[in-house]
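The next block holds one structure in the form of structure tokens; read it before the comments.
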Amino acid sequence: MSDQSSQLFTAELAQMNQLMFGFITTQAIAVAAQLGIAELLKEEPRTAEELATATKAHAPSLNRVLRMLASVGIFAEDANGRFQQTPLSELLRSDHPRSARGSAIMCGSELVWRPWGELHAAVMSGRSAIEHVFGATFFEYLAVHPDDAEVASAGFTSASAMDGPAVVVAYDFSRFERIVDVGGGHGGLLHAILSANPRLRGVLADQPAVVAGATTLRRGSLANRCEIAGGDFFISVPEGGDAYIMKWIIHDWNDEDSLKILRNCRRAIRRDGTLLIVDAVLKPLNEPDPGKLMDLSMLVLAPGGRERTEAEFAALLREADFSLARVIPTAGRLSIIESRPS
Ligand code: SAH
């Protein structure tokens with residue numbers, strides 16, 4: 001390329017285009033995940049025609065989605081028009097131990113996609129975008145839309161499959177006797193913690209309708225070491241644990257609501273107990289930071305939710321009568337904020 005033409009389409013312009021059109025990739029991944037393309041390619045490569053027959057899709061259109069995805073490394077197309085798996089597309093298989101499938105489907109679903117279209121309204125009003133679209137907060141909306149609640153739970157389970165293992169290896173849970181996972185969803189994280197720590201007992205606490213779906217913990221091999229507790233963490237949390245863990249809970253709420261949850265943990269925790277908040281801890285200034293993307297997700301989806309800096313966590317914990325002991329980074333997107341009753 002001549003100097004002159006490289007100035008006409010600069011690297012910055014290419015990067016700007018890639019960033020601006022990110023929504024195309026989001027929806028293409030979501031459609032492939034929804035159709036289960038990665039499952040269909042598990043055994044052998046297949047053409048778009050074959051994949052369309054298996055998924056009842058329109059073959060030429062599916063072909064266009066798949067060749068776009070192959071251009072960013074998700075699936076690969078061979079010279080005979082057959083698509084095959086790549087390391088990236090493997091992550092869309094539902095039986096992959098770090099499966100991203102549930103998250104991918106959630107990102108493209110009406111529940112998440114429509115509120116993102118109202119980011120502007122959220123920025124102008126300070127209210128979450130989901131309230132502008134559905135007239136309800138995220139959890140209020142899920143309470144009366146069981147299909148969307150299923151999409152969300154599968155999304156959280158998938159997020160736990162991606163981020164949970166890094167949390168489990170970053171911290172020594174073996175010294176605890178009884179750990180309470182507050183807002184533990186379907187129990188993905190608790191399952192991983194109990195599996196890695198054979199003497200530990202666990203309590204899964206979440207809304208009754210959510211814990212009803214915790215089938216792997218309820219029926220699986222860990223059932224005799226795990227209690228299930230349906231309830232509202234704004235009213236109380238199960239008592240008597242020596243460890244309380246909350247992953248992706250505090251970031252859902254403003255300081256006032258977060259304090260209600262933390263004070264309920266303070267009332268319930270043993271005097272010598274440990275509270276573990278598992279959330280992103282915002283990095284300073286311009287550093288690349290997935291936490292800052294997540295923070296916008298909270299602006300769109302959560303009523304007053306946001307990611308916080310270490311100083312903000314310390315202040316919040318102090319107000320709830322805990323003192324921050326240390327922040328342990330994990331290999332994933334999250335950190336473990338360890339604190340004790342003051
Ligand atoms: N800790 C899980 C789920 C995070 S999503 C994970 O990391 O995957 C937030 C969770 O908070 C959801 O499971 C939701 O059901 C739960 N939650 C929201 N409001 C609640 C309330 N009032 N009482 C108990 N749990 C609640």
Side-chain angles (χ1 to χ4, degrees), residues 87 90-91 93-103 153-206 210-211 213-230 233 237-251 265 268-270 272-281 290-291 294 313 322 324-340:
E90 289 283 345
L91 292 171
R93 263 179 29 220
S94 44
D95 63 349
H96 191 287
R98 307 271 184 285
S99 180
R101 184 173 183 226
S103 280
S153 280
F156 299 144
T157 299
S158 165
S160 268
M162 291 189 278
D163 282 290
V167 172
V168 176
V169 300
Y171 193 84
D172 177 17
F173 294 91
S174 67
R175 66 195 169 91
F176 299 130
E177 289 168 11
R178 185 168 185 260
I179 186 164
V180 183
D181 190 347
V182 177
H186 281 178
L189 177 67
L190 190 58
H191 189 279
I193 292 173
L194 294 181
S195 301
N197 295 277
R199 297 225 305 271
L200 184 60
R201 303 186 65 81
V203 183
L204 178 71
D206 205 298
V210 175
V211 293
T215 40
T216 30
L217 274 180
R218 218 179 260 287
R219 299 204 198 108
S221 56
L222 298 174
N224 59 352
R225 282 198 281 137
C226 186
E227 293 161 48
I228 311 272
F233 54 40
V237 304
E239 301 232 337
D242 56 343
Y244 285 73
I245 190 163
M246 288 192 278
K247 175 156 105 38
W248 273 327
I249 301 300
I250 295 305
H251 83 158
C265 291
I269 197 169
R270 274 175 23 187
D272 60 350
T274 302
L275 174 77
L276 303 168
I277 295 176
V278 184
D279 255 324
V281 173
M294 191 96 70
F313 276 116
F322 282 101
L324 193 152
R326 55 189 176 134
V327 174
I328 303 133
T330 73
R333 296 176 286 180
L334 302 173
S335 293
I336 302 169
I337 300 131
E338 182 189 61
S339 65
R340 306 223 160 72

Is [X] reaching over with its side chain to a backbone N or O of [Y], donor-acceptor style, under 3.5 angstrom?
X      : Y      : answer
Ser99  : Asp95  : no
Ser158 : Ala154 : no
Arg218 : Val211 : yes

Q. So Phe313 and Asp279, side chain to side chain contact (heavy atoms under 4.5 Å, CB included) or not? Walk me through it.
A. CA-CA 10 Å; Phe313 276 116; Asp279 255 324; 3.9 Å; yes
In Å and rounded to the nearest 0.5 Å, what is the [atom1] to [atom2] distance from [X] to [Y]?
X      : Y      : atom1 : atom2 : result
Leu190 : Ser195 : CG    : OG    : 9.0 Å
Leu200 : Phe173 : CG    : CZ    : 8.5 Å
Asp206 : Phe156 : CG    : CZ    : 9.5 Å
Ile193 : Ile179 : CD1   : CD1   : 4.5 Å
Leu334 : Ile336 : CG    : CD1   : 8.5 Å
Thr274 : Arg340 : OG1   : CZ    : 4.5 Å

Distance-only criterion, 3.5 Å: show the donor-acceptor pairs between side-chain atoms of residues 237-246 and protein atoms not counting sequence neighbours.
unit_1, atom_1, unit_2, atom_2, d
Asp242, OD1, Glu177, N, 3.2
Asp242, OD1, Arg178, N, 2.8
Asp242, OD2, Glu177, N, 2.8
Tyr244, OH, Pro238, O, 2.7
Tyr244, OH, Gly240, N, 3.3
Tyr244, OH, Gly241, N, 3.0
Tyr244, OH, Ala268, O, 3.2

Q) Is the shortest heavy-atom distance from the side chain of Phe176 to the side chain of Asn197 under 4.5 Å? A) no
Q: Please name all residues satisfying salt bridge (charged side-chain N to carboxylate O under 4.0 Å, His left out) with Arg225, sequence neighbours left out, ordered by chain then number.
A: none
Side chain to side chain donor-acceptor pair (under 3.5 Å) involving [X] - partner list, sequence neighbours excluded:
X      : answer
Ser339 : none
Ser174 : Asp172
Ser160 : Lys247

Heavy-atom pair with the smallest gap, counting every atom of [X] and [Y]:
X      : Y      : value
Leu275 : Ile269 : N-CD1, 4.0 Å
Leu91  : Arg98  : CD2-O, 4.0 Å
Ala331 : Ala166 : N-CB, 4.1 Å
Gly155 : Ser103 : O-OG, 3.4 Å
Cys265 : Phe322 : C-CZ, 4.1 Å
Ala196 : Val168 : CB-CG1, 3.7 Å

Q: Sorted by first residue and then second, give each salt bridge (Lys or Arg N to Asp or Glu O under 4.0 Å) pair with at least one member in residues 154-168; sequence neighbours left out.
A: Asp163-Arg333
